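Note sheet for the following structure.
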Amino acid sequence: MKIYNTLKRKKENFEPSNPPKVTFYTCGPTVYDYFHIGNARSFIMADITRRYLIYKGYDVKFVMNITDIDDKLIKKANEQGRTFSEVAAEYTKAFLDDIEKLKIKKADVYPKATEHMEEIRSLIEKLESRERAYNVSGDVFYDVKKFEGYGKLSGKNTDDLEVGARIELNESKRNPLDFTLWKKAKENEPAWESKWGSGRPGWHIECSAMSTKHLGDTIDIHAGGNDLIFPHHENEIAQTEGATGKPFVKYWMHFGFLNIQNEKMSKSLGNFFTAREILKKYRAESIRLLFSQSHYSGPLNFSEELLESAEKGLQKIRNFVENINEGLAGNIPGEYTKFDFTQYYQQFEEVMDDDFDTPRAAAIMFDFVRDVNKHIVENDNLPAAFYQQAKIFMEKTAGEVLGIVSFDESKDNSNNSLEKELIELLIRLRQEAKNDKNYQLADKIRDELKSLGIVLKDSKTGTTYKKE
RNA sequence: GGCGGCGUGGCCAAGCGGUCUAAGGCGAAGGUCUGCAAAACCUUUAUUCAUCGGUUCGAAUCCGAUCGCCGCCUCCA
């Protein structure tokens, strides 16, 4: 299995430190607002990566941090006359709700910055004792010059950065590249006590402190958006390796941006949709299919047209799942070996092993759907064993890995037995009309049911219905 | 200025030295089935991979140049 490692700028064989255990850290949200669909792409692609590792038999510990203290939070709290923790609590809940709606597996731990002050302080102290940090009257900075590997992730060298950079001028820094570990509190700002005086953590230190605490000094995979490579991840390396002297991360994975009209979707440009609004109009599975259909590392130009077409593609898969369920319900006994399922598993694993090539995995999914459908068309009375195998394949790949299909959900046609009986009554009446060649009435019944969201399907064995 | 990425059919998008006259999705056209639909299936829809050169027996894939687009270097997934 291969993963493209940003640190090495090439695909590498995936060899976790302590197989079958895999430690996986992803940068989560700053909970000052709803996250947008671009953020969702990173969360979903990390989720699919994780799910595939589980599929492969790894025992994955997955940690996603929640940044619940920072400038934006304080600003929002001030604007709304609330405390920062009220704001954080509101958006943390919203985040967890939206994540669930997107069918993203819950992380094993969602550590919060405010709950790790102890770890953050002691990490800074460690850096101080190793002379990698210095205190200037209450502000503590990281001394970038003291860390040899600085720039190894982003491919930047400190000299270039110094020349062209638009880095804020800060007289107290020894070097403009030095970044804040501990920020001295201003008046009326939330603050925590420390040996340097009251203040709060800098922008990057929480990730170092929390990943070390929950996953150990060296973690297998660390993922995040492309825009985090510099400075965030670069600084995390400096902090963690500066303190432990050990390699911080084996494999760095970075997700491409979601663009709108070829521009990065971002809060500051204002060209974003929140995941929430998108979820009101489209299924989570459609979003996941759309994201699966392009590789995680490249850009994806987002538009509603694309989502529409993903929704159509998903519909094809959902119809297929229904067909499978119907076939299964037929309960025809017997063995079945005339269809080679194993080749699809092989192909699926082959492409996913190659740096999580979900576009090809999705293509295999559609091939499978077509081939099985074709097999159904060409062979009458297939036994349940055949459908069972088809179902297992879909559950394992499209279901458990890509998260675009759910067999349980498609079964709940009839949560209301009165409703069910009424629909079946109408179907019977329509059948009578059809028998009388009263197609006008038959079509009227079908059309009216359709406008209520109930779609009828005639087949040789009778009429079935589904709710849209 | 430094660093990185991208340009493949009407749209999206894989492939990254031979199996490519290029996967898959959406769309479009025709057909099978059906009373008509729906679903499903079949056929067609790029001899070509931004352009121009080069390397090679062989290039969408490697190298160089050109044009166009984007990102990071400041909070950002």
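Just so you know, these numbers use all the heavy atoms, side chains as well, and skip hydrogens, waters and symmetry mates. What you see is a predicted model; the values in this text were computed from it and never measured. In what follows, every chain begins at residue 1, and chains take the letters A, B, ... in the order their sequences are listed.
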Measure the shortest side-chain to side-chain distance between Leu258(A) and Phe291(A) over non-hydrogen atoms and say whether it is less than 4.5 angstrom.
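A side-chain contact under 4.5 Å exists here.
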Between the side-chain atoms of Asn39(A) and the base atoms of C76(B), is any donor-acceptor pair under 3.5 Å?
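Absent.
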Assess whether one donor atom and one acceptor atom, taken from the side chain of Arg446(A) and the base of A37(B), lie less than 3.5 Å apart.
yes
Answer yes or no on whether Lys105(A) is positioned over the face of Phe62(A), meaning its NZ or CZ is under 6.0 Å from the six-membered ring centre and within 45° of the axis.
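Negative - Lys105(A) is either too far from the ring of Phe62(A) or too far off its axis.
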Do Lys396(A)'s NZ or CZ and the ring of Tyr345(A) fall within the cation-pi criteria of under 6.0 Å and 45°?
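Not satisfied by the 6.0 Å and 45° rule.
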By the definition side-chain hydrogen bond (donor to acceptor under 3.5 Å, both in side chains), identify the one residue from His233(A), His254(A), Lys264(A) that meets it with Asp227(A).
Lys264(A)
What nucleic acid atoms does [X] come within less than 4.0 Å of, heavy atoms only: base, sugar-phosphate, or nothing?
X	value
Lys267(A)	nothing
Ile229(A)	nothing
Asp70(A)	nothing
Leu456(A)	base
Met365(A)	nothing
Ile364(A)	nothing
Gly224(A)	sugar-phosphate
Arg9(A)	sugar-phosphate
Asn373(A)	sugar-phosphate
Asp357(A)	sugar-phosphate
His232(A)	nothing

Between the CG atom in Asn226(A) and the CZ atom in Phe255(A), the distance rounded to the nearest 0.5 Å is 10.0 Å
Applying the Watson-Crick and G-U criteria (both distances under 3.5 angstrom) with [ ] for crossing and | for other-strand pairs, one obtains for RNA chain B (((((((..(((.....[.....)))((((((.......))))))....(((((..]....))))))))))))....
If the sugar-phosphate is the primed atoms plus P, OP1 and OP2 and the base is the rest, what is the B/S/- string for nucleotides 26-31 of chain B, using protein heavy atoms under 4.0 Å?
SS----
Per nearest nucleotide of RNA chain B, the residue lying toward the 5' end, Asp371(A) or Leu300(A), is Leu300(A)
Contact under 4.0 Å: Lys264(A) side-chain N or O vs C72(B) OP1/OP2
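Lys264(A) to C72(B) OP1/OP2: side-chain N or O found under 4.0 Å.
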Distance only, no hydrogens: is a donor on one side chain within 3.5 Å (strictly under) of an acceptor on the other, for Tyr336(A) and Gln388(A)?
no
Under 3.5 Å side-chain donor-acceptor pair for Glu326(A) and Tyr387(A):
no
